[in-house]
Asks: 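One structure follows; several queries about it will come next.
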Amino acid sequence: MNRKVLAGMLLLAVPLVLSACRGFFTQAPVAVLDYEPKGTFEAPITITFDLSGSQDPDGTIVAWTLDFGDGSAPASGTDVTVPVEHTYEAEGSYTATLEVEDNAGKKDQASVVITVAAPRIYFISDRWGWWQVFRVKLDGSEEEFLPVWLAEITPALRWNTRDKLAASVFDAGEWDLTVTDLFAFTGQHLDTQTYSEIQPTWHYQGDKLAFASDQAGNWEIWTVEYPWGIATAVSQLTVQTPYWALAPAYSPVNGDLVFVSSKGSGGAANGGSALWIWPAGDPAPQLLHDSSGHDGAIDPGWGLVAGLPADGGLSTPAWSPDGSKIAYTSDRADGVGGLDIWIYDLDAGTAQNLNAFSGGSPNTAADEFDPWWVETGDAIAFVRDVGGGTYQVFLVELDTGTVRQLSSAADSISPAGEEQ
Ligand SMILES: [Ca+2]
Ligand SMILES: [Ca+2]
Ligand SMILES: [Ca+2]
């Protein structure tokens, strides 16, 4: 090898050696991984990962990779200040791992464990002689009761995080609102005297509840902020008098509120009741849908709540998770028989029997009522009268039309009314 070439090779080698030395002597970056919301939530749950605590003490982070731990493709990037969202679709315990790399090629990792619970249907049963909230997985397994309150009705799951359940508890002769933490099993009670509050529904932001109350001497829709303060500040929302308003249901995607009223267009609703909507920000509600039958609140009339109007009931409408449709109960004559579940399409402005919508036969000659649209969007739970004074919770898969029974006890089971 001649000298010139050798010298050139040495020169070439110097920067490489220096570069390697710099990597050898520099400090490694520090990976920090945080996330919200914390806690245990039902699937599907969207987690926002915060990588911004990651840093490099003597350089910069030039690359990061976040493995979500659920078999999906990892996310990657260069800027740790941008939050990363990921939706966990199924029950499980997932270890999410962040790896960061600095400008010297050094790496560090940090992990968090995300616990995701199975979606469940909430319903009430009087199998023990009083009304109690139960829940069951979508395949009918692991039916269990919620051991926080006695005598509860009209359960309503909080949208999005689905970590809290609002309901109505019987207390000293009238009904009060409750909120139960579904994983800590702690409860809060909104103790109003004299009047009844039933059928709570969560605002999609989780910081407000609407409900039906007889406080105005007439069943109307009211609201309360959540969490509520020591001084109970409930506000009347609707004024449908001399007609009634019941069964409020907030949209899962915005502040729109659907409810059921005996008021129709310019007088009484056709058949006894109609669906109304109060779009968020509008000064007043408007009639949404009024077929020739009862639309919305009617159910077989268990008489759980004294003073409910004869045409009213405990069954509430249920929004699809994307906010485009509303499932509700109707006895309109062109159904399959008795009470049926119908689907109202907000864009099309039309209603369709659930049998046609699902391609199956969830509606039968018996009474079906109190629908609940499962969070995944592909199934609707409801209650069917199976005879002998017994009601069971069923579920129809919307992509196959398959119907299966979820609840198992041979006793009265009512509102699947999971509700928001
Ligand atoms: Ca009360
Ligand atoms: Ca009607
Ligand atoms: Ca029917």
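Order of listing sets the numbers, starting from 1, for every ligand and every atom in it.
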Asks: Under a 4.0 Å N-O cut-off, is there an ion pair linking Asp163 with Arg158?
Replies: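 The answer is yes: the pair qualifies as a salt bridge.
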Asks: Using ring centroids (six-membered ring only for Trp), state whether Trp159 and Tyr204 fall under 6.0 Å.
Replies: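 No, the ring of Tyr204 stays outside the 6.0 Å limit from the ring of Trp159, centre to centre.
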Asks: Counting N and O atoms only, with roles assigned by atom type, does the side chain of Tyr250 sit under 3.5 Å from a partner on the main chain of Leu209, one being a donor and the other an acceptor?
Replies: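 Not confirmed, Tyr250 side chain does not pair with Leu209 backbone.
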Asks: What atom name does the N, O or S atom of Asp290 nearest to the Ca ion (ligand 2) carry?
Replies: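 That would be atom OD1.
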Asks: Measuring from the Ca ion (ligand 3), name the closest N, O or S atom belonging to Glu368.
Replies: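 Checking each N, O and S atom of Glu368, the shortest distance to the Ca ion (ligand 3) belongs to OE1.
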Asks: Report yes or no: does Arg332 have an N/O/S atom closer than 3.0 Å to the Ca ion (ligand 2)?
Replies: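 Looking at Arg332, which is the residue asked about, there is no N, O or S atom under 3.0 Å from the Ca ion (ligand 2).
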Asks: Just by distance, no angles: are the side chains of His203 and Tyr226 close enough, under 3.5 Å, to form a donor-acceptor pair?
Replies: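 The answer is no; no qualifying pair exists.
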Asks: To the nearest 10 degrees, how large is the angle at the Ca ion (ligand 2) between Asn270 O and Gly293 O?
Replies: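 O of Asn270 and O of Gly293 make an angle of 80° at the Ca ion (ligand 2), to the nearest 10°.
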Asks: Among the N, O or S atoms of Asp340, which one sits nearest to the Ca ion (ligand 3)?
Replies: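 Result for Asp340 and the Ca ion (ligand 3): OD1.
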Asks: With a cut-off of 3.0 Å, does Asn363 put an N/O/S atom close enough to the Ca ion (ligand 3)?
Replies: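 Looking at Asn363, which is the residue asked about, there is no N, O or S atom under 3.0 Å from the Ca ion (ligand 3).
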Asks: Does Thr81 reach the main-chain N or O of Ser52 with its side chain, forming a donor-acceptor pair under 3.5 Å?
Replies: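 No, because the side chain of Thr81 does not come within donor-acceptor range (under 3.5 Å) of the backbone of Ser52.
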Asks: Answer yes or no: is there an ion pair linking Arg384 with Glu368, defined by an N-O contact shorter than 4.0 Å?
Replies: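 A salt bridge links Arg384 with Glu368.
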Asks: Would you check if the Ca ion (ligand 3) lies under 3.0 Å from any N, O or S atom of Gly338?
Replies: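 Under 3.0 Å: Gly338 has no N, O or S contact with the Ca ion (ligand 3).
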Asks: Would you check if the Ca ion (ligand 1) lies under 3.0 Å from any N, O or S atom of Leu190?
Replies: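 Given the 3.0 Å cut-off, Leu190 does not count as a ligand of the Ca ion (ligand 1).
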Asks: In Asp295, the N, O or S atom nearest to the Ca ion (ligand 2) is which?
Replies: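 In Asp295, the heteroatom (N, O or S) nearest the Ca ion (ligand 2) is OD2.
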Asks: I'd like to know if the side chain of Asp282 and the backbone of Trp278 have a donor-acceptor N/O pair within less than 3.5 Å.
Replies: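 No, because the side chain of Asp282 does not come within donor-acceptor range (under 3.5 Å) of the backbone of Trp278.
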Asks: Could you tell me whether any N, O or S atom belonging to Ser273 is less than 3.0 Å from the Ca ion (ligand 2)?
Replies: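 Coordinating: yes.
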Asks: What's the atom name of the N, O or S in Asp176 nearest to the Ca ion (ligand 1)?
Replies: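 Nearest to the Ca ion (ligand 1) within Asp176's N, O and S set: OD1.
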Asks: For the Ca ion (ligand 3), decide whether Leu339 has an N, O or S atom at a distance under 3.0 Å.
Replies: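 Yes, Leu339 qualifies, because one of its backbone or side-chain N, O or S atoms lies under 3.0 Å.
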Asks: With the Ca ion (ligand 1) as the point of reference, which N/O/S atom of Glu197 is the closest?
Replies: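 Atom name returned: OE1.
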Asks: Which is the closest N/O/S atom of Glu174 when seen from the Ca ion (ligand 1)?
Replies: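 Considering only N, O and S atoms, Glu174 comes nearest to the Ca ion (ligand 1) through OE1.
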Asks: Looking just at side-chain N and O atoms, do Thr65 and Glu99 make a donor-acceptor pair shorter than 3.5 Å?
Replies: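 Distance-only check fails for Thr65 and Glu99.
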Asks: What do you reckon, are the aromatic ring centroids of Tyr88 and Phe41 less than 6.0 Å apart?
Replies: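 Centroid distance Tyr88-Phe41: not below 6.0 Å, so no.
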Asks: Tell me, please, if Ser330 has any N/O/S atom, main chain or side chain, under 3.0 Å from the Ca ion (ligand 2)?
Replies: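 Within the cut-off used here (under 3.0 Å), Ser330 places no N, O or S atom near the Ca ion (ligand 2).
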Asks: Before accepting this row, confirm whether a basic side-chain N of the pair Asp334/Arg332 lies closer than 4.0 Å to the acidic partner's carboxylate O.
Replies: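 Result for this pair is yes, salt bridge flagged.
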Asks: Of the backbone and side-chain N, O or S atoms of Gly337, does one lie nearer to the Ca ion (ligand 3) than 3.0 Å?
Replies: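 Here the distance criterion (N, O or S atom, under 3.0 Å) is met by Gly337, so yes.
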Asks: Do Glu143 and Arg127 sit within salt-bridge range, that is, some charged N less than 4.0 Å from a carboxylate O?
Replies: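 Looking at Glu143 and Arg127, the cut-off is met.
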Asks: With respect to the Ca ion (ligand 1), please indicate if Tyr195 possesses an N, O or S atom at a distance under 3.0 Å.
Replies: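 Checking the Ca ion (ligand 1) against Tyr195, an N, O or S atom does fall under 3.0 Å.
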